[in-house]
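Have a look at the structure below before the remarks.
Just so it is clear, the model here is predicted, and its values are computed rather than measured.
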Amino acid sequence: MARVVLNKLEKRYANTGLLAVDQIDLEIRDKEFIVLVGPSGCGKSTTLRMIAGLEEISGGTITIGDTVVNDIPPKDRDIAMVFQNYALYPHMDVYNNMAFGLKLRKFPKVEIDRRVKDAAKLLGIENLLDRKPKQLSGGQRQRVAVGRAIVREPKVFLMDEPLSNLDAKLRVQMRTELSKLHNRLKTTVVYVTHDQTEAMTMGDRIVVMRDGLIQQVATPLMIYNHPNNVFVAGFIGSPPMNFIDVVLRHENDNYYVETLEGHVKLRIPKERLDYFKDLAPYVDKEMIFGIRPEDIESVDALDEYQEDMSLTAMVEVTEPMGAETFLFLSVGEEIPQMIARVGAVTKAKDGEQHKVVLDAGKCQLFEKESEQSIRHERVRVK
């Protein structure tokens, strides 16, 4: 297998002037499963297509292994791609769909047969080799598309939202199958998705992109716990992180965040202060306070709690999810909506006031203008 290095990679469309990818730098390690994630239009698929050679680059270099591949055609880059729509030939059976690329490259028939049957066994589709694509389910077609890539035995696998056409249950199953397949093959995989759940569950590392720029590269848990900025914090996590406009206060050796009208005031625990840079320069300035829904609990579920970390909110909607309940809360105009992810059993009722407690020991603080996290530099996120 091989590592992939992107150096100042850029894509600008000449006809519109649109800068789709803005001089990004990224090293994808040998045998790593890396996921490019972000909203539509962020540049993730364009980046993948440039690695594949399907999109002409406007600047920078792409290195696969030890070779700069800028001017090498796709068929000679030793990569294999799995597309969103599977791109199977409808008139060919599964066997020939998987074998087609090898036949074009004049592989011996014996070698083709071995590779196709080995891949089919690995994917559990041995009994489907004589069927046409129209006779297959979505999950089976997806396996065939992956099998067609496997038989190539490439240096790098490129996958462009391969699960997006599957139903929710099958997507969960195939996420697991692809992760197990990577563990068996020990291959370098570059995977594109807009689904942050796929990114969190599959990637060794995640590359979060926005407007053609990389916002953060780190392991899933590091990104979840230590987001670089408001965008990353809000994009990774389901339901997304709550953000509240606040002013930072310092009173009696304690730091507090206070909503702009002063109706809600929450203390930041002393043990959380080590996580942040020196807060003194931010006192009496507007900031963005972030707290994840799972770090908010119903007061009725706790034996004891800190009063200065609690607030009373109006319950707009309750959503029972079985093992847990989502509470959609509001506190006047200062906090128009906040989501709490509490236990399955709660006394909260639609249209009534309800007290919740915030685990402020897990809060995030962001600068108001730049929206960058003010966590301490010693917090490692690689």
Do [X] and [Y] sit within salt-bridge range, that is, some charged N less than 4.0 Å from a carboxylate O?
X      : Y      : answer
Lys355 : Glu307 : yes
Asp359 : Arg292 : no
Lys362 : Glu297 : no

Should we say atom [atom1] of [X] is surrounded by more than 12 heavy atoms from elsewhere, each under 6.0 Å from it?
X      : atom1 : result
Glu352 : CD    : yes
Lys347 : NZ    : no
Lys75  : NZ    : no
Lys277 : NZ    : yes
Asp66  : CG    : no
Asp303 : CG    : no
Lys265 : NZ    : yes

Tell me if a side-chain donor or acceptor on [X] pairs with a main-chain N or O of [Y] at a distance below 3.5 Å.
X      : Y      : value
Arg77  : Ile72  : yes
Glu111 : Pro108 : no
His182 : Lys31  : yes
Asn229 : Val232 : yes
Asn242 : Ile291 : yes
Asn97  : Met92  : yes

Of the non-hydrogen atoms in [X] and [Y], which two are nearest, and what is the gap between them?
X      : Y      : value
Gly60  : Asn70  : O-ND2, 2.9 Å
Tyr224 : Gly237 : CE1-CA, 4.4 Å
Met174 : Leu166 : CG-CD1, 3.6 Å
Gln196 : Phe235 : CG-O, 3.4 Å
Lys132 : Asp93  : CD-N, 3.8 Å
Gln372 : Asn228 : OE1-O, 3.5 Å

What is the distance from atom [atom1] of [X] to atom [atom2] of [Y], rounded to the nearest 0.5 Å?
X      : Y      : atom1 : atom2 : value
Tyr13  : Glu56  : OH    : CD    : 11.0 Å
Phe231 : Glu371 : CZ    : CD    : 10.5 Å
Lys134 : Arg141 : NZ    : CZ    : 10.5 Å
Leu260 : Glu334 : CG    : CD    : 7.0 Å
Ile51  : Leu26  : CD1   : CG    : 7.5 Å
Leu185 : Phe33  : CG    : CZ    : 11.5 Å

Close side-chain approach of [X] to [Y], heavy-atom, < 4.5 Å:
X      : Y      : value
Lys155 : Thr188 : no
Glu161 : Lys44  : yes
Arg152 : Phe157 : no
Val357 : Gln306 : no
Val146 : Arg143 : no
Leu6   : Val4   : yes
Asp204 : Arg29  : no
Phe289 : Leu365 : yes

- Item | Chi angles and distances behind the side-chain contact (heavy atoms from CB on, under 4.5 Å) call for Lys285, Lys368 | CA-CA 9 Å; Lys285 293 184 178 179; Lys368 178 67 175 178; over 6 Å; no
Check the side chains of [Y] and [X] for a donor-acceptor pair under 3.5 angstrom, ignoring hydrogens and angles.
X      : Y      : answer
Gln353 : Thr312 : no
Thr318 : Asp350 : yes
Ser330 : Glu316 : yes
Ser298 : Thr346 : yes

Look at the side-chain heavy atoms of Ile, Leu, Val, Met, Phe, Trp and Tyr, link any pair under 4.5 Å apart, and say whether [X] and [Y] land in one connected group.
X      : Y      : result
Val156 : Phe83  : yes
Ile244 : Tyr275 : yes
Met287 : Val264 : yes

- Item | Worked verdict on Leu136 versus Arg131 for side-chain contact (heavy atoms from CB on, under 4.5 Å) | CA-CA 7 Å; Leu136 305 177; Arg131 294 192 192 179; 4.0 Å; yes
- Task: Determine, stepwise, if the pair Leu213 / Gln215 fulfils side-chain contact (heavy atoms from CB on, under 4.5 Å).
- Result: CA-CA 6 Å; Leu213 293 167; Gln215 303 294 307; 3.9 Å; yes
- Message: Can you see whether Phe107 has Arg105 sitting over its ring - NZ or CZ less than 6.0 Å from the centre and within 45° of the normal?
- Response: no
- Task: Could you label the plane-to-plane angle of the Tyr255 and His250 rings as parallel, tilted or perpendicular, counting under 30° as parallel and over 60° as perpendicular?
- Result: parallel
- Note on the structure: When Leu122, Thr187, Asp118 are each screened for side chain to side chain contact (heavy atoms under 4.5 Å, CB included) with Ile150, the one that passes is Leu122
